[in-house]
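Here is the structure we will look at, set down as structure tokens.
Atoms within each ligand, like the ligands themselves, are counted from 1 in listed order. The model shown is predicted, which means the values in this text are computed figures rather than measured ones.
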Amino acid sequence: MSVENTNDLLALLGPAATAFVNKEHKLFIDGEWVSAVKGETLDVINPANGEVFARVPAGESIDIDRAVKAARRAFEQGAWAEMSPSARGKLLWRLGDLVEKNADELAQIEALDNGKPVNDARWGDVAFSHELLHYMAGWSTKINGETISLVSGAPFHAYTLRTPVGVCGQIVPWNFSLMMAVWKVAPALAAGCTIVLKPAEQTPLTALRLAELVEEAGFPAGVFNVVTGNGETAGAALAEHTDVDKIAFTGSTEVGRKILAAAGTNLKKVSLELGGKSPMIVYADADIDKAVSAIASGIFYNMGQTCTAGTRLYLHNDVADKVLEGLVSHARALKMGPGLDQETQIGPLVSAEQKQRVCDYIASGLAEGATLLTGGGSWGTSGYFVEPTILDNTHNDMRVVQEEIFGPVLCVIRFSEAEEENVVIQANNSIYGLAASIFTQDISRAHRVAKRLKAGTIGINTHHVIDPALPFGGFKQSGWGREMGWEAIELYTELRSVGVAL
Ligand code: ADP
């Protein structure tokens with residue numbers, strides 16, 4: 001199929017997604033669909049061919065301020081503030097049902113907007129989103145404090161109350177647009193907070209479709225607001241706003257630092273899910289076939305635009321050639337094409353900028369002495385495609401091994417039997433600590449190494465380990481806090497201690 005023409009691609013959208021994409025997009029503030037005050041818009045670009053296919057409002061600080069005011073009103077008084085936990089849980093469950101019911105449409109919008117394969121969007125992003133909404137709906141009715149025995153033995157009855165943190169600003173990236181939004185929205189709503197969501201400028205559409213579903217589910221006005229716009233304007237205004245109680249951010253470590261500085265205006269609570277450079281270690285006793293498929297998905301899933309992507313492969317010399325042979329043939333067999341094509345396994349990267357950045361990193365690795373095993377650069381005549389790429393003979397001092405590439409580029413570092421103890425030290429030699437994986441059939445070693453790796457999520461004989469019930473987050477410069485599981489509820493609540501003189 002030709003990807004030259006937007007009309008060819010748009011023909012792959014179902015009627016519901018077509019109707020949504022073609023409508024005039026607005027901001028969702030206080031239960032109403034409104035234009036940005038200044039009337040500016042942002043182009044939405046199809047990464048499979050570089051053409052503009054939609055426009056969304058370019059919200060700025062004045063729009064953020066309106067949304068924060070609406071979220072504040074909804075938090076302090078009215079239907080949401082007075083709603084029982086059980087009614088809140090039911091609304092959240094209904095939202096999960098609506099995401100599930102509209103899953104094909106959401107997946108198509110995501111595939112068009114981000115470029116990712118539509119089946120990954122359907123069975124990854126969207127399926128995870130409704131699972132998480134349903135899971136978090138259950139927590140709404142289980143947010144308890146504790147009774148505390150006082151050490152002094154004073155005649156007090158003492159207990160804690162767990163209450164919602166308040167108005168939450170949530171800033172999300174483009175790699176899993178809907179899913180990253182839901183990671184933040186679901187626990188915040190379960191806890192009783194109100195929200196201003198700022199999606200990434202590259203992929204704003206599924207957040208707007210989510211707002212329609214929030215409206216359809218029946219959430220009161222002002223509980224959930226969406227302001228599309230640029231990071232430096234709308235995003236920065238949200239992070240700085242002095243009436244926002246908490247800011248939750250997923251994105252680059254560089255922008256994470258800016259969020260932290262901006263949050264200083266009123267010392268709002270901050271949670272950050274930032275970059276990664278996750279190691280995968282393959283020992284000589286690993287099951288090679290299983291390791292190859294887990295490693296390939298570890299690096300190439302979502303074209304490597306995954307914060308947990310396994311980008312550094314530490315390979316024992318005894319199995320290195322066999323593993324690499326498997327990985328190279330796997331990489332070459334992946335079908336490239338536009339995300340909306342059902343056959344596609346590798347879509348384009350999200351933007352021209354991202355494509356250039358990844359190609360520059362590949363060139364820098366080669367210039368520093370890496371050996372190219374497969375891939376190596378851009379693909380096709382239009383769009384932002386980069387081939388699945390494997391660089392052999394890399395080492396920890398190279399930029400490609402230390403810096404986050406956020407593309408389909410695997411760096412291979414071989415180790416000998418004598419270096420085996422040292423390999424965990426090398427794997428930990430990174431400013432990041434989001435995920436890591438180990439491939440071995442020796443269960444003692446697997447658990448021993450899992451305890452030494454400095455990362456928030458560890459896979460043993462698998463790489464991507466993710467579930468609504470499992471806390472997710474980073475060590476070191478990969479972030480602050482844990483999303484999902486009960487820990488996400490903790491991020492969106494405050495504890496109040498109460499003492500009653502008896
Ligand atoms: P990436 O590097 O993956 O594009 P970013 O960290 O730049 O990711 O962006 C993630 C999110 O942060 C996006 O929604 C973007 O608009 C927003 N953002 C970018 N710069 C800022 C900023 N200075 N303040 C607040 N938000 C920002």
Under a plain distance cut-off of 3.5 Å, with no hydrogens placed, do [Y] and [X] share a side-chain donor-acceptor pair?
{"X": "Tyr384", "Y": "Gln354", "result": "no"}
{"X": "Thr308", "Y": "His464", "result": "yes"}
{"X": "Arg312", "Y": "Gln426", "result": "no"}
{"X": "Thr206", "Y": "Glu110", "result": "yes"}
{"X": "His241", "Y": "Asn266", "result": "no"}
{"X": "Asp104", "Y": "Gln108", "result": "no"}

Geometric N/O contact Val172 with ligand 1, under 3.5 angstrom: yes
Polar proximity ligand 1 side, Lys258 side, N/O cut 3.5 Å exclusive: no
For [X], counting its heavy atoms only, list the atoms of ligand 1 lying under 4.0 Å from any of them.
{"X": "Ala236", "result": "24 (N), 25 (C)"}
{"X": "Gly251", "result": "6 (O)"}
{"X": "Phe249", "result": "6 (O), 10 (C), 11 (C), 12 (O)"}
{"X": "Pro199", "result": "14 (O)"}
{"X": "Gly235", "result": "24 (N), 25 (C), 26 (N)"}
{"X": "Glu201", "result": "13 (C), 15 (C), 16 (O)"}

Any Gly256 heavy atom less than 4.0 Å from ligand 1: no
4.0 Å heavy-atom contact, Phe406 with ligand 1: no
With a 4.5 Å cut-off on side-chain heavy atoms, are [Y] and [X] touching?
{"X": "Arg209", "Y": "Leu106", "value": "yes"}
{"X": "Thr194", "Y": "Pro164", "value": "no"}
{"X": "Pro220", "Y": "Leu91", "value": "yes"}
{"X": "Met136", "Y": "Pro468", "value": "no"}

Shortest protein heavy-atom distance from [atom], along with the residue and atom involved:
{"atom": "atom 22 (C) of ligand 1", "answer": "Gly231 O, 3.4 Å"}
{"atom": "atom 4 (O) of ligand 1", "answer": "Trp174 NE1, 2.8 Å"}
{"atom": "atom 5 (P) of ligand 1", "answer": "Ser252 OG, 3.7 Å"}
{"atom": "atom 17 (C) of ligand 1", "answer": "Ile171 CG2, 3.6 Å"}
{"atom": "atom 7 (O) of ligand 1", "answer": "Val255 CG2, 3.7 Å"}

For ligand 1, the portion of Ala239 having any non-hydrogen atom under 4.0 Å away: neither
Structural part of Ala234 in contact with ligand 1, heavy atom criterion under 4.0 angstrom: neither
Closer than 4.0 Å: a protein non-hydrogen atom to atom 9 (O) of ligand 1: no
Trp80/Phe224 under ring pair (Phe, Tyr, Trp, His ring centres under 6.0 Å): CA gap, chis, key distance, verdict: CA-CA 11 Å; Trp80 182 250; Phe224 177 71; over 10 Å; no
